[in-house]
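Chain identifiers are assigned alphabetically (A, B, ...) following the order of the sequence lines, protein sequences preceding nucleic acid strands; residue numbering begins at 1 within each chain. Keep in mind the model is a prediction, meaning the values are calculated, not measured.
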Number of protein chains: 2
Amino acid sequence: MRELQKRPTIHDVARLAGVSASTVSNALNGKGYIRESTRKAILDAAERLSYRPSAVARSLKAQQSRILGFFVSDMSGPVYSEIIAGAARKAEENGYEIVICNSHSREDRVLSSLLSYKMLDGSLVMSPELEDDVLRELARTLFPVVALDRDIDGERLGCVLMDNASSAYGIARLFRERGYDRIGYIGPNPEYRFMHDVQDRNRGFLAGVRDFGLDLPEERYRFGGFTMESGHVCMSDLLALPVRPRAVFAANDEMALGALRALKEKGLRVPDDVAVVGFDDILVSSYVSPRLSTVRRPCLTLGGIAVDLLFGLMKARKSHRLLLPTEIVLRESFT
Amino acid sequence: MRELQKRPTIHDVARLAGVSASTVSNALNGKGYIRESTRKAILDAAERLSYRPSAVARSLKAQQSRILGFFVSDMSGPVYSEIIAGAARKAEENGYEIVICNSHSREDRVLSSLLSYKMLDGSLVMSPELEDDVLRELARTLFPVVALDRDIDGERLGCVLMDNASSAYGIARLFRERGYDRIGYIGPNPEYRFMHDVQDRNRGFLAGVRDFGLDLPEERYRFGGFTMESGHVCMSDLLALPVRPRAVFAANDEMALGALRALKEKGLRVPDDVAVVGFDDILVSSYVSPRLSTVRRPCLTLGGIAVDLLFGLMKARKSHRLLLPTEIVLRESFT
DNA sequence: CTGTTAGCGCCTTCAC
DNA sequence: GTGAAGGCGCTAACAG
């Protein structure tokens with residue numbers, strides 16, 4: 001029965017190589033001048049012991065971990081992974097790593113423990129669950145924070161937003177221009193009121209509805225939960241109405257996909273009977289039939305920019321607020 | 001111009017409260033007996049300074065971080081997020097956290113730096129990029145490792161697999177039973193040979209093709225890259241053939257979705273003209289038209305089980321190998 | 001060129 | 001009840 005051997009430390013290497021710990025440190029990190037023979041001996045000893053420096057000890061000494069946190073609540077969405085990819089690339093270019101921390105739960109226990117016990121040099125946040133005050137507290141007491149898709153400011157706190165509102169507004173305009181007057185809307189249910197980007201979409205679209213005089217009575221305004229299932233239910237409800245809408249805007253692609261399914265089940269054609277527009281331009285949206293018209297958001301860019309901003313916050317204390325444009329993509333489901 | 005104030009340490013709290021550091025430590029961690037008045041003073045001081053214990057220092061002292069790593073390369077897939085969710089839940093129940101580390105790159109730099117400089121107590125690995133030897137090395141020198149969907153064993157190394165092969169074999173059997181003799185296959189291109197689960201599917205299906213005497217000539221065996229785009233291309237190629245297949249098996253749902261689109265573009269009906277089967281049962285597969293027949297894998301379960309196994313490895317040195325069943329789900333695209 | 005010393009922030013003895 | 005001392009593993013500063 002073998003003992004659980006402890007990991008070797010720099011002293012073990014030093015002993016084996018017959019030198020001191022600091023010489024080992026220097027040799028391994030390429031600092032200072034070291035005779036080639038001792039250097040060789042040290043490398044050899046390290047190799048023999050499979051020595052790996054402890055990241056924890058290093059971080060303690062260096063007072064930085066070179067790790068950035070990315071707080072997300074959901075992570076399932078395709079949107080997130082693209083943003084993360086953008087962030088990870090930029091972080092890596094600068095010798096940092098990104099770790100994903102899921103902040104799904106809203107319990108206080110999580111807020112005070114999960115959030116405060118990390119070893120991060122900074123963080124990006126995409127969790128609607130984390131309230132503004134929590135972020136401010138985080139930024140104040142722990143490390144700089146960049147919020148994604150949420151309009152917030154404060155000390156050591158930046159944000160980068162996507163212009164959801166104007167594209168949503170643009171959709172309303174297009175409905176008017178193309179003569180789709182009698183519309184339906186699958187919008188965010190109250191549960192999502194704390195999600196900034198979602199609310200932007202909502203406000204933008206409703207403003208457009210008003211400004212362009214679209215016909216959106218209460219019964220054609222449904223509240224969805226941003227899943228395909230929810231989109232399916234909402235659209236089914238819409239279709240059960242005595243007067244059905246000619247065009248429907250869903251606040252994200254997943255709901256729009258669910259809506260397409262409901263339409264299909266009722267034997268209705270898209271866009272001939274009912275036109276549909278989503279939001280996000282997730283990958284699958286251009287593969288379903290009919291291809292979904294939607295709004296594309298610069299997710300990859302967003303991630304990179306957010307990390308840049310975070311680096312800025314880590315160096316200086318300046319905070320920033322950036323707004324990225326979005327773009328309407330017309331495909332088959334609405335033209 | 002305000003200085004970048006450093007985070008307060010336990011000594012700062014001690015000074016403010018007029019006690020020693022160890023008393024603060026005891027008070028904050030509920031150890032030992034402390035007079036209520038000093039205790040109050042300490043809590044108060046900590047609050048005033050917004051003191052947060054340093055996770056790094058703690059980990060160094062405790063010789064554990066209570067953090068588990070989850071190495072993934074892609075992360076974009078819906079499959080991953082479900083597994084991660086399962087793992088995160090189980091980890092949390094035991095006072096651990098999971099951080100996602102992306103190991104997308106195959107460079108040596110990454111293998112030796114990214115992998116060795118972590119502060120993890122253990123890790124789950126779903127990166128095909130990380131070769132078996134790397135995992136063994138990891139397990140030997142750093143921390144216990146549980147590989148997901150990869151058949152490997154070694155010291156402090158466990159694995160949990162999903163039975164890809166028998167379901168893929170089952171698909172072939174179904175093709176035979178339902179009279180779909182002339183088939184096509186969109187399988188993994190050679191680039192994916194290091195992905196264990198994918199290879200299992202491949203082997204299982206090809207074994208079935210042989211055993212059940214299905215008609216799969218070379219030109220109807222295409223190599224795809226597991227994206228919708230790739231599935232689209234492969235299916236288009238298949239349809240350009242003089243004799244087109246009556247049923248097509250794609251090695252994952254994304255490719256199957258791409259295939260459906262190609263079929264749609266050619267004006268072919270599914271399953272009447274060509275039947276299609278995928279693999280994974282991603283969420284959207286039951287929403288597209290026609291709904292996709294596929295193979296469901298117990299992803300949520302997998303994550304939890306993997307963490308359990310990891311805990312086992314962290315306590316004892318025993319290693320394990322688990323195999324989880326999969327299930328064929330028949331929907332509209334093939335019945 | 002190499003070794004000694006000291007300290008990063010915390011916690012665990014062990015005195016008092 | 002509380003404090004002083006020491007050490008987790010590493011590295012920077014300074015001697016030698």
Do [X] and [Y] have side chains that approach each other closer than 4.5 Å (heavy atoms only, starting at C-beta)?
X	Y	answer
B:Val146	B:Val125	no
B:Ser123	B:Phe70	no
B:Gln64	B:Ser59	no
A:Arg39	A:Glu36	yes
A:Met126	A:Phe71	no
A:Ser25	A:Ile10	yes
A:Leu142	B:Arg7	yes

Using whole Å, report how far [atom1] of [X] lies from [atom2] of [N].
X	N	atom1	atom2	answer
A:Tyr33	C:dT2	OH	P	14 Å
A:Ile10	C:dC8	CD1	P	19 Å
B:Gln63	C:dG9	CD	C1'	14 Å
B:Leu28	C:dC10	CG	P	10 Å
A:Lys31	C:dT2	NZ	P	17 Å
A:Ile42	C:dG3	CD1	C1'	12 Å
B:Asn29	C:dG9	CG	C1'	13 Å

| request: Check whether more than 12 heavy atoms from other residues, nucleotides or ligands sit under 6.0 Å from atom CD of A:Glu93, and answer yes or no. | output: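 Atom CD in A:Glu93 is packed in, count exceeds 12.
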Sort me out a list of protein N/O and nucleotides 5-7 of chain C N/O pairs below 3.5 Å, or just none if empty.
unit_1 : atom_1 : unit_2  : atom_2 : d
C:dG7  : N2     : A:Lys61 : NZ     : 3.1

| task | Please list, in 5' to 3' order, the outermost nucleotides of DNA chain D lying under 4.0 Å from any heavy atom of chain B. | result |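 Contact boundaries, 5' end first: D:dG1 to D:dG9.
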| said: For A:Ser65, is there any backbone N or O sitting under 3.5 Å from a side-chain donor or acceptor partner on A:Asp121? | reply: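 Flag set: sc A:Asp121 to bb A:Ser65 pair under 3.5 Å.
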| request: Report which part of the nucleic acid B:Thr38 touches: base, sugar-phosphate, or nothing (heavy-atom distance under 4.0 Å, all strands). | output: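 The answer is sugar-phosphate, as B:Thr38 gets under 4.0 Å only of primed atoms, P, OP1 or OP2.
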| said: What contact category does B:Leu60 fall into here, base, sugar-phosphate, or nothing, at under 4.0 angstrom with non-hydrogen atoms? | reply: base
| query | Mapping B:Gly18 and A:Asn26 onto DNA chain D by nearest heavy atom, which one lands closer to the 5' end? | reply |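 The 5'-side residue here is B:Gly18.
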| query | Any side-chain N or O of B:Arg58 less than 4.0 Å from the OP1 or OP2 oxygen of C:dG9? | reply |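 Result: no.
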| message | Using OP1 and OP2 only, check whether a side-chain N or O of B:Ser54 sits under 4.0 Å from C:dG9. | response |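 No, no such contact exists.
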